[in-house]
Amino acid sequence: MSQLVQRAQEQIRQAIEAAAQRAAQAGELPQTPTGAFSMEVPADRRNGDLSSNAAMAWTRELRQPPRKTAEALARHIDLTGTYSLRCEAAGAGFLNFYYGDSYYADIVADVLDKGDQYGRSTIGAGQRVLVEFVSANPTGPMHMGNARGGALGDCLATVLEAVGYEVEREFYVNDGGNQIEKFGLSLDIRYRQHFGDVVELPEDAYYGADITQRAQDFAAVYGDSYLSCDEKERRAALVAFALPKNVEEIHRNLERYRIEYDNWFYESSLYKNGEVDRVIALLKESGNTYEQDGALWFKATQFGCDKDFVIVRANGFPTYIVPDIAYHYNKLVTRGFHRAIDILGADHHGYTLRLHAVLNALKIGEGRLDFVLMQMVNLMRGGEAVRMSKRTGKSLTLEDLLDEIPIDALRFMFNMRDPGAPMDFDLDLAIEKSSQNPVYYCQYAHARICSLFARLAEDGIARRSCSSEELALLRAPEERELITLLAALTGEIAEAARCYDPARVTRYCTELAGQFHRFYNVCRVKGEAEPLMQARLSLCACVRDVLRNLMQMFKIDVPEKM
RNA sequence: GCGCCUGUAGCUCAGGUGGAUAGAGCAACUGCCUUCUAAGCAGUGGGUCGGGGGUUCGAGUCCCUCCAGGCGUGCCA
């Protein structure tokens, strides 16, 4: 929470502790309680602006009914020097506090004063964090899972930046291992078929039209000159030709999606710089491996896994997890990030256990590697699940989605649910330009405020800074609710960062927009007496700035007119 | 079999570290524009919080158990 909000709560907490001491001295409590208690903003505003459960938390310690304790505390409390004017015992034993006008006035002044820095904090200062996300397989086009992962990873990185972490965004290009072999093989077959060779794709090869296209493009450039080559050489040439094109396409699509990476990290670099061999050596040295059936096994059962697993196959090639171990070694040791965060599909959860086990065995990255597992996306159209593209009949790609749905809607709506929850994505809703669409709902609130300012400017009226006394005129329930919501922003962003859930921020936007619409409907600005009009203009400016900042953070357009 | 995730209104979902009468939006119905954008607001109806136990001043939230759905459990990635 913001320093102001925190200070306000701290003052009252101390007043409660002092009251407990006095009540004990006066014999109204059996002893001075020492247990922990909490302060919270009640859901129902009739229960005050701030509430404490102290009396209830002390029930056991004091061995008396909480209501009795609360009444004693309320009698002895001294609120001098706090924002609260009044305290009462309520319900089962709550202590409810009611703020004076100055609290609300100070919040508004604080928001305006901090400007686009409002809501940010320094929790993560000095900590370098690497967020790796999407990392789509470069053997083909991106799919739906990459769409959610992209919006999630990019916005999570932004949220972490907002609480002070030094963040880098990274895309890991899997340009090594078995899948590249398969990629080369598939291209090779298509290339040969192009020139009339009667060869069939094996069962587990890539069948996509994109592969055929790449093979034909290759043929257009090099003709049949590679037919006579050694198979290995031909496949290497095909991969060298097609892979950069795929990566470029991925790059281009993500750019359209407004995602900018700091690094494109290639798996192949880990073989070149020796880190793959290095982690195998380290694992052997650690004494946690053994040989069996010609393969090298890792003693995973000693690190909490169900069974041991192979890290180097009998054919001498490492399994997929080895470059990944080297990659995380590179993140946490070589590059020295304090923390690494990987965004993965939930189907990788078994993998996360195995990777953690290995890193623990190597004694690196303990507690420094976190996974965000996201559940599946179900695309819905007309109330029914869609998996295929309407246009091509093939499975839906990220590019199809970018063609059909506004980027604003994609980025916003993929960040409306907790990553761990499966999600229905309503395509009809995403393209709808109406109040039902949460993106428009938020943008509309912003546009309304901008328009209000524009209208007043026509009459020669501009916002000026207000005195505390003027801001204290904001006393309508709708104004108070709005200010309370503004006061909660810093805490909300911090919470989003703590639990890796940017959806908290988009939901906050929706809530703020809704609260503004309610305010706007009840409280007029234009035509009110000058001091009140100015105070309300200040409040409107707060809401406008906060909405704009949050949407811009998530790279969503914030139009001034709609 | 074992592990992880999910189960809250007809639908899509909120409900930090346990707190007061479980909340929004959509859909349905009823109102509100001669004054700042009606892409908005207000109101009405709608619930065995998957079931059952337990912990305590107090459980949608924590523990146990069962049910239903998704995913994982390769010398695939």
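Proteins get letters first, then strands, A, B, ... in listed order; numbering begins at 1 in each.
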Short side-chain N/O contact to B:C41 OP1/OP2 from A:Tyr441, under 4.0 Å: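 So the side chain of A:Tyr441 is within the cut-off, an N or O lying under 4.0 Å from OP1 or OP2 of B:C41.
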Roughly, in whole Å, what's the span from [atom1] in [X] to [atom2] in [N]?
X        : N     : atom1 : atom2 : result
A:Asp501 : B:C13 : CG    : C1'   : 13 Å
A:Gln515 : B:G23 : CD    : C1'   : 14 Å
A:Met416 : B:A14 : CE    : C1'   : 11 Å
A:Phe453 : B:U37 : CZ    : P     : 12 Å
A:Leu429 : B:C11 : CG    : C1'   : 12 Å
A:Arg524 : B:C33 : CZ    : P     : 14 Å
A:Glu481 : B:A24 : CD    : C1'   : 14 Å
A:Phe519 : B:U37 : CZ    : P     : 13 Å

Could you check which of [options] has an atom nearest any side-chain atom of [X]?
X        : options             : result
A:Tyr520 : B:C13, B:U21, B:C36 : B:C36
A:Thr59  : B:A20, B:C13, B:C57 : B:C57
A:Ser51  : B:C36, B:A20, B:C13 : B:A20
A:Lys526 : B:C36, B:C41, B:A38 : B:C36
A:Arg417 : B:A20, B:A42, B:A14 : B:A14

Considering every strand and a 4.0 Å limit on heavy-atom distances, what is the contact class for [X]: base, sugar-phosphate, or nothing?
X        : result
A:Cys305 : nothing
A:Glu560 : base
A:Ala43  : nothing
A:Gly420 : sugar-phosphate
A:Asn53  : base

Along RNA chain B (nearest heavy atom to each residue), the more 5'-positioned of A:Leu373 and A:Arg455: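 Looking at RNA chain B, the more 5' nearest nucleotide goes with A:Leu373.
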Upstream residue (5' side of RNA chain B) when A:Arg507 and A:Arg60 are each assigned their closest nucleotide: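 The residue closer to the strand's 5' end, by nearest nucleotide, is A:Arg507.
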4.5 Å side-chain heavy-atom contact, A:Leu152 and A:Phe414: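 A side-chain contact is absent here, since even the closest heavy-atom pair is not under 4.5 Å.
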May I ask you to check whether [X] and [Y] show a side-chain donor-acceptor distance below 3.5 Å?
X        : Y        : value
A:Asp308 : A:Thr301 : yes
A:Tyr98  : A:Glu88  : yes
A:Asp557 : A:Gln443 : no
A:Asn178 : A:Tyr320 : no

Conformer about C1'-N of B:C63 - syn within 90° of 0, anti elsewhere: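 Anti.
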Partner lookup for [N], please. Criteria are Watson-Crick or G-U wobble with both distances under 3.5 angstrom; report none if nothing qualifies.
N     : result
B:C62 : B:G54
B:A28 : B:U44
B:C76 : none
B:C4  : B:G70

[atom1] atoms of [N] and [M], separation to the nearest Å:
N     : M     : atom1 : result
B:A22 : B:C66 : P     : 31 Å
B:G52 : B:C5  : P     : 23 Å
B:G10 : B:C29 : C1'   : 15 Å
B:A24 : B:G51 : C1'   : 27 Å
B:U61 : B:G53 : P     : 14 Å
B:U6  : B:G43 : P     : 33 Å
B:U65 : B:G25 : C1'   : 36 Å
B:G15 : B:C57 : C1'   : 23 Å

So [X] and [Y], would you call those rings parallel, tilted or perpendicular, with 30° and 60° as cut-offs?
X        : Y        : result
A:Trp58  : A:Phe37  : perpendicular
A:Tyr290 : A:Trp297 : parallel
A:His348 : A:Tyr351 : perpendicular

Centroid-centroid under 6.0 Å between A:Phe371 and A:His356 rings: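 Ring-ring flag for A:Phe371/A:His356: true, centres closer than 6.0 Å.
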Distance flag, aromatic centroids of A:Tyr444 and A:Tyr440, threshold under 6.0 Å: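 Centroid separation for A:Tyr440 and A:Tyr444: 6.0 Å or greater.
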Cation over ring face, A:Arg463 and A:Phe453, 6.0 Å, 45°: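 No.
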CA sep, side-chain torsions, deciding dist, call: A:Arg45, A:Thr484, side chain to side chain donor-acceptor pair (under 3.5 Å): CA-CA 10 Å; A:Arg45 199 37 53 83; A:Thr484 302; 3.1 Å; yes
Electrostatic pair A:Arg536-A:Glu479, nearest N-O below 4.0 angstrom: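 Salt bridge flag = yes for A:Glu479 with A:Arg536.
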Under 4.0 Å protein heavy-atom contact, by nucleotide of nucleotides 69-77 of chain B - B base, S sugar-phosphate only: --SSSSBSB
Donor/acceptor link under 3.5 angstrom from A:Asn521 side chain onto base of B:A38: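 Answer is no: no donor-acceptor pair is held.
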Where do N or O atoms of nucleotides 16-18 of chain B meet protein N or O atoms at under 3.5 Å, pair by pair?
{"unit_1": "B:G16", "atom_1": "O2'", "unit_2": "A:Glu495", "atom_2": "OE2", "d": "3.2"}

